[in-house]
Asker: 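If you scroll down you'll find the structure; I have some questions about it.
Starting from 1, each residue takes its place in the sequence as its number.
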Amino acid sequence: MAAQFARTHNPDPTPEARRAEILTAPGFGRYFTDHMATVRWNAQRGWHDAAVVPYGPLVLDPASMVLHYGQEIFEGLKAYRQPDGSIASFRPEANAARFRATAARMAMAPLPDELFVASLAELLDADREWVPPAGGEEAMYLRPFMLATEVGLGVRPSSEYLYCLIASPVGPYFPGGVKPIDVWLSTEYTRAALGGTGTAKCGGNYAASLLPQAQGAEHGCSQVVYLDAEERHWVDEMGSNNLFFVYGSGDQIEVVTPALTGSILPGITRDSLLVLAKELGCEVTERRMSWEEWLSGAADGSISEVFGCGTAAVVTPIGRVRYHGGEVVMGDGQPGPVGLRLRSMLTDIQRGAAPDTHSWMRTLVPA
């Protein structure tokens with residue numbers, strides 16, 4: 001479908017001086033651009049009323065189904081200013097496909113991929129001055145989401161949905177350099193079960209993670225690692241990251257990540273790093289990994305480094321894992337060379353500093 005977005009300019013845009021001030025230290029998810037994109041769906045008209053409008057509050061009836069039955073999904077991706085001044089996003093088609101798959105799991109109307117990508121281009125074009133300059137670690141974080149807006153209290157799929165896209169300039173996830181984190185191995189709570197919503201990017205998954213996240217914080221950890229729900233034996237993922245384990249060193253390196261068994265979110269960064277690890281000459285394995293293998297491998301040195309990966313930080317080194325029985329340090333507790341190399345390879349592609357041999361970058365706004 002050919003998406004035609006009506007555009008209403010914000011009558012009170014952020015002053016240029018204030019915008020420049022924000023872009024010097026944007027943080028993460030603290031500031032938002034002047035506009036947002038919206039598209040509506042109902043059973044009679046399908047997708048309609050595509051528009052870019054001033055950023056502002058959403059008006060919802062108290063009986064809107066999203067508030068009662070949780071039909072809400074989202075995505076997260078970044079756009080980058082390229083050296084020639086254009087604005088490109090990293091694998092947006094993959095995000096579009098995952099958004100559509102998540103919608104299907106949550107019994108919501110699937111947004112066509114071309115409409116998803118068009119919304120990114122339209123909003124970035126309207127707020128192009130908000131996109132940080134090329135050459136640094138800053139980027140534009142894009143948050144597409146969709147919610148059920150039908151008014152009524154019947155337990156069934158909504159007949160109306162609102163798709164919305166907002167944008168936030170973001171700085172480096174690790175100001176001052178990549179830093180390792182401590183993680184808490186949760187044996188009390190699980191993230192998802194087979195047949196559940198683990199492969200879907202829906203708000204309820206993240207709401208359920210907040211209590212174990214607080215438990216991890218009590219043990220001095222900034223992230224939680226979950227085990228499978230059936231046996232409480234196999235490593236699943238972190239609350240917002242897929243996991244990688246590095247065996248060996250030098251020319252004999254194996255990179256292992258838990259297999260997508262049906263409870264793990266299929267990360268786009270995860271998939272990309274698997275490709276790049278092969279290019280580095282690493283043996284790449286997707287398989288089940290038990291928590292005992294992880295802890296014993298870290299203790300005897302056969303696992304040389306562990307890192308998480310995701311859109312926000314790209315690669316997050318893990319310095320130590322804590323659990324009810326104690327703690328184990330990963331390698332020397334510092335970021336490992338494989339994770340750092342993979343991070344550099346990926347970010348160079350995203351920022352136009354290295355050839356995009358896989359055609360991962362999609363130009364959304366020409367120079």
Side-chain angles (χ1 to χ4, degrees), residues 1 3-14 28-77 95-96 98-113 115-120 122-124 126-127 130 140-169 196-197 200-211 213 240 265:
M1 61 186 294
Q4 298 293 326
F5 281 75
R7 186 176 299 187
T8 302
H9 291 282
N10 192 322
D12 187 26
T14 304
F28 193 93
R30 294 169 53 199
Y31 305 101
F32 297 91
T33 67
D34 292 317
H35 299 87
M36 60 186 185
T38 60
V39 193
R40 295 187 176 274
W41 183 92
N42 62 37
Q44 293 74 40
R45 300 179 60 188
W47 291 103
H48 62 280
D49 291 348
V52 172
V53 298
Y55 182 95
L58 302 178
V59 177
L60 291 175
D61 189 286
S64 295
M65 284 188 168
V66 65
L67 303 176
H68 303 274
Y69 309 120
Q71 275 190 303
E72 183 278 338
I73 64 175
F74 68 97
E75 267 298 328
L77 65 162
N95 289 94
R98 189 171 66 182
F99 194 71
R100 182 166 36 80
T102 295
R105 176 61 185 87
M106 303 301 289
M108 302 173 75
L111 183 75
D113 293 6
L115 189 52
F116 180 99
V117 175
S119 72
L120 307 180
E122 291 285 340
L123 183 58
L124 287 168
D127 286 331
W130 279 91
M140 180 69 85
Y141 183 79
L142 299 166
R143 170 51 62 88
F145 61 98
M146 182 164 64
L147 57 150
T149 54
E150 182 185 352
V151 176
L153 299 181
V155 184
R156 56 176 173 74
S158 174
S159 64
E160 297 179 2
Y161 296 99
L162 171 66
Y163 166 79
C164 191
L165 170 68
I166 56 177
S168 174
T197 59
K201 202 166 177 67
C202 58
N205 288 348
Y206 294 81
S209 74
L210 299 179
L211 179 59
Q213 184 79 15
S240 58
L265 186 73

Asker: Ignoring hydrogens and geometry, is there a side-chain-to-backbone donor-acceptor pair from Asn95 to Gly76 under 3.5 Å?
Answerer: yes
Asker: Report yes or no: does His68 contribute a side-chain atom to a donor-acceptor pair with the main-chain N or O of Pro62 at less than 3.5 Å?
Answerer: yes
Asker: Which of parallel (below 30°), tilted (30 to 60°) and perpendicular (above 60°) describes Tyr163 and Phe99?
Answerer: perpendicular
Asker: Do any N or O atoms from the side chain of Ser64 and from the backbone of Val151 form a donor-acceptor pair under 3.5 angstrom?
Answerer: no
Asker: Between Asp49 and Thr38, is the side-chain contact (heavy atoms from CB on, under 4.5 Å) condition met? List the steps.
Answerer: CA-CA 8 Å; Asp49 291 348; Thr38 60; over 6 Å; no
Asker: Could you tell me whether a side-chain N or O of Thr102 sits under 3.5 Å from a main-chain N or O of Lys201, the two making a donor and an acceptor?
Answerer: yes
Asker: For the residue pair Leu153 and Tyr69, establish whether any side-chain heavy-atom pair is separated by less than 4.5 Å.
Answerer: yes
Asker: Name the one of Val52, Asn10, Leu58 that satisfies side-chain contact (heavy atoms from CB on, under 4.5 Å) with Met36?
Answerer: Leu58
Asker: Mind checking the CH2-CG spacing from Trp41 to Leu162? Nearest 0.5 Å is all I need.
Answerer: 13.0 Å
Asker: If we check side-chain contact (heavy atoms from CB on, under 4.5 Å) with Tyr55, which of these qualifies: Leu123, Ile166, Asp34, Thr33?
Answerer: Ile166
Asker: For the residue pair Leu77 and Pro144, establish whether any side-chain heavy-atom pair is separated by less than 4.5 Å.
Answerer: yes
Asker: Is any side-chain heavy atom of Leu60 closer than 4.5 Å to one of Leu147?
Answerer: yes
Asker: Give a yes or no answer on whether the side chain of Trp130 reaches the backbone of Leu124 with a donor-acceptor pair at less than 3.5 Å.
Answerer: no
Asker: Return the set of residues passing salt bridge (Lys or Arg N to Asp or Glu O under 4.0 Å) with Asp61 (not counting sequence neighbours), or none when no residue passes.
Answerer: none
Asker: Report yes or no: does Glu75 contribute a side-chain atom to a donor-acceptor pair with the main-chain N or O of Ala96 at less than 3.5 Å?
Answerer: no
Asker: Report yes if the side chains of Phe74 and Arg143 come closer than 4.5 Å at any heavy-atom pair, otherwise no.
Answerer: yes
Asker: Let me see the working for Leu265 and Arg98 under side-chain contact (heavy atoms from CB on, under 4.5 Å), right down to the final yes or no.
Answerer: CA-CA 10 Å; Leu265 186 73; Arg98 189 171 66 182; 3.9 Å; yes
Asker: About how many Å separate CD of Gln4 and CD of Glu122, when rounded to the nearest 0.5 Å?
Answerer: 8.0 Å
Asker: Determine, stepwise, if the pair Val39 / Phe5 fulfils side-chain contact (heavy atoms from CB on, under 4.5 Å).
Answerer: CA-CA 9 Å; Val39 193; Phe5 281 75; 4.0 Å; yes
Asker: Show the nearest heavy-atom pair for residues Ser209 and Tyr206, with the distance to one decimal.
Answerer: OG-O, 2.6 Å
Asker: Between Asp127 and His35, is there a donor-acceptor pair closer than 3.5 Å when you use the side chain of the first and the backbone of the second?
Answerer: yes
Asker: Under the 3.5 angstrom rule, does the side chain of Gln71 hit a backbone N or O of Met65 as a donor-acceptor pair?
Answerer: no
